[in-house]
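Reading through the structure tokens given below for one structure.
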Amino acid sequence: MRTCPTISRIVIGLLATISWPSASFAELLQIIHTNDLHAYFERSDNPDRGGYAQVKAVIDSIRQKAADEGIESLVLDGGDFSDGTIYRYADRGTAPYVVMDAMGYDAVAIGNHDWLIGAEQLDRLLGSVRPNTPLLGANFAFDRDKKNLAQHIRPYISVERAKTKIAVVGLTTDQFIYKWAVDDGTIVSAEDTADAYIDMLRKNHDRVILLSHLGYKADKKLADAEPALDLIIGAHSHTLLEKPTHQSKRAIPIVQTGAHGDFVGDLLVDLQPGKPLKIVRYQLVEVRADGPKDPVIAGLVSQARDRLHHDYGSGWLDEVIGFTEVPMSTPAGGATVWGTLYAETIREVARAPAALDMSEFYGTSQPAGPVTRESLYNYYPRTFDIDKPLGWNVWKARMPGWLIKLVIEQAAKMGSHVNTAGITYKAKWKKGKPKFSKFRINGKPLRSVKTYTIGVSEGLGRGTSEISFLLRAFFKPHDTGVPIWRAVEEKLRRTGPILAPVAPGLH
Ligand SMILES: [Zn+2]
């Protein structure tokens, strides 16, 4: 009789092995990831999606489902969480860090929009928030006197999940157009840093995951260059990858969820020892704006809203300062009524024959109807300085005609659009390549050898001024001291409602 329980245990054990052949060997890990949330606290630019409290609820539901099946989770974000809406300024810039810290990430990469305020201000912010969530940036080589950066920004974390020792190493973009914003030498080569860290970490970890704020193009290069990597979780380029991509030479998967909290990445992997990381399931889970909200994050978002009203003055952000019949569409895909209105304002403030601005600087399209100060800021949500809560100023710079043409043509070749006022040209597309001609400035033909004064935003003005003294000497950038936000408000009051253009033949 005594043998019965033993036999039944053996039978049950055998049955379990037969029913779940893979489960008995698999080391499943649930990875949950987001990127480029850009302080879209309440919703994404698609009004049906996003919101930090909704993102958190989706993360928790994926984590709970995995836990119910006995699977551990690793929750990561690829960076650029603090800048992109008016919430950037809430509670003197601390709100995006406080909210992010409450989201429950195991680690968050530090993106360029998180350090564009400069090492000094970032050090101060981290000192006052003291987040528990590790911020990762292995190529962020700050001075040791920045004690808070030293305490909160790490090159990598080591975690033990699914019986596996995992290193998550973080990298931030080293593009020259951004890195001038921190002290010289602070952002070092991402490729060299990857070389140094990945092989070193592989020696005492079973798996190495790269949490990358480098962009999809750079991620693909690293997937080829770093065979010791197991997985790249991407950010920065806002690339929406429906499924993980694999480079031809290497099987390292790359994932990215687009931006602004539209989706959460749900990645179930098998980390069986001695085998390449295997993807068991991948899906982008839609974050619905009307979906469940995490109450703690929802509370923090509403606190941040109260702080904004307190800091700007009650009702100031909500005040209706104009009316528009056309939606405030960003000029990302070509000229728009509102894009031209901004460029025209920059041109007027700079007292220049023309203005030129990068369409990438624009934020979220806003609906037609009443225009509030908040919708003006969120349309162009740019700052280098938490202590200047009116955003970027209008700058002016000197530019030769040939360079104006080159900038517009090169941007078009890269699929981008330069937002302009006072500059016209004819564009023809042949076999997918742009051919530009008949450039005119202020109504007159643009002369290649002539140097013009051009109105630009602070991004271009201060950028060229700080990247190198050669550029400064060439462009002679100059700050007008007038915030773009206030200048557009004044223009709107002067011009009255923005009316929909009347189609020819219909009036
Ligand atoms: Zn970025």
Side-chain angles (χ1 to χ4, degrees), residues 33-41 44-45 50 52 55 76-85 87-88 93 96-97 100 103 105 107-119 121-122 125 135-140 142 153 169-182 186-191 193-194 210-222 232-241 254-263 265 330 332 358-364 378 380-384 386 391-392 414-416 457-460 462-463 467:
H33 67 103
T34 55
N35 57 277
D36 296 278
L37 296 178
H38 280 287
Y40 280 62
F41 273 21
S44 147
D45 29 13
Y52 278 43
V55 167
L76 302 167
D77 178 85
D80 270 5
F81 55 87
S82 55
D83 176 37
T85 70
Y87 281 110
R88 171 36 138 176
Y97 289 82
M100 206 58 183
M103 294 284 284
Y105 290 105
V108 173
I110 188 126
N112 51 316
H113 281 276
D114 308 316
W115 49 254
L116 274 174
I117 50 171
Q121 284 201 358
L122 184 59
L125 274 183
L135 295 168
L136 303 186
N139 59 331
F140 201 92
F142 40 82
I153 300 180
V169 58
L171 288 172
T172 195
T173 182
D174 54 355
Q175 285 171 288
F176 75 95
I177 49 167
Y178 302 116
K179 67 177 181 180
W180 59 267
V182 284
T186 299
I187 308 282
V188 298
S189 158
E191 277 182 35
T193 310
L210 172 61
L211 190 57
S212 153
H213 196 88
L214 302 177
Y216 186 46
K217 217 167 141 188
D219 289 344
K220 287 198 280 188
K221 262 176 90 178
L222 275 184
I232 299 178
I233 294 176
H236 186 50
S237 52
H238 298 193
T239 313
L240 186 70
L241 297 173
I254 306 171
V255 289
Q256 204 185 138
T257 66
H260 306 156
D262 282 350
F263 296 99
T330 69
M358 306 313 292
S359 57
E360 284 84 355
F361 295 155
Y362 291 75
T364 316
N378 286 343
Y380 199 90
R382 299 281 83 101
T383 184
F384 288 134
I386 292 298
W392 277 357
M414 292 191 292
S416 181
S457 65
E458 186 166 345
L460 285 177
R462 198 155 141 188
I467 285 170

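Keep in mind that what you see is a predicted model, and the values were worked out from it rather than measured. The residues of the chain are indexed from 1 along the displayed sequence. Atoms within each ligand, like the ligands themselves, are counted from 1 in listed order.
Computed with the Zn ion (ligand 1) at the centre, the His213 NE2 to His236 ND1 angle is 90°, stated to 10 degrees.
Put simply, the side chain of Asn139 never gets that close to the backbone of Ile187: no donor and acceptor are under 3.5 Å apart.
When only modelled atom types and interatomic distance are considered, Thr364 and Asn378 share no side-chain donor-acceptor pair under 3.5 Å.
The shortest side-chain heavy-atom distance between Thr239 and Asp219 does not fall under the 4.5 Å cut-off.
If you look at Asp80 and ask which of its N, O or S atoms sits nearest the Zn ion (ligand 1), the answer is OD2.
Tyr97 and Phe81 have their aromatic ring centers within a separation under 6.0 angstrom.
Among the backbone and side-chain atoms of Asn112, an N/O/S atom is found under 2.8 Å from the Zn ion (ligand 1). Distances from the Zn ion (ligand 1) show that Asp36 has no N/O/S atom below 2.8 Å.
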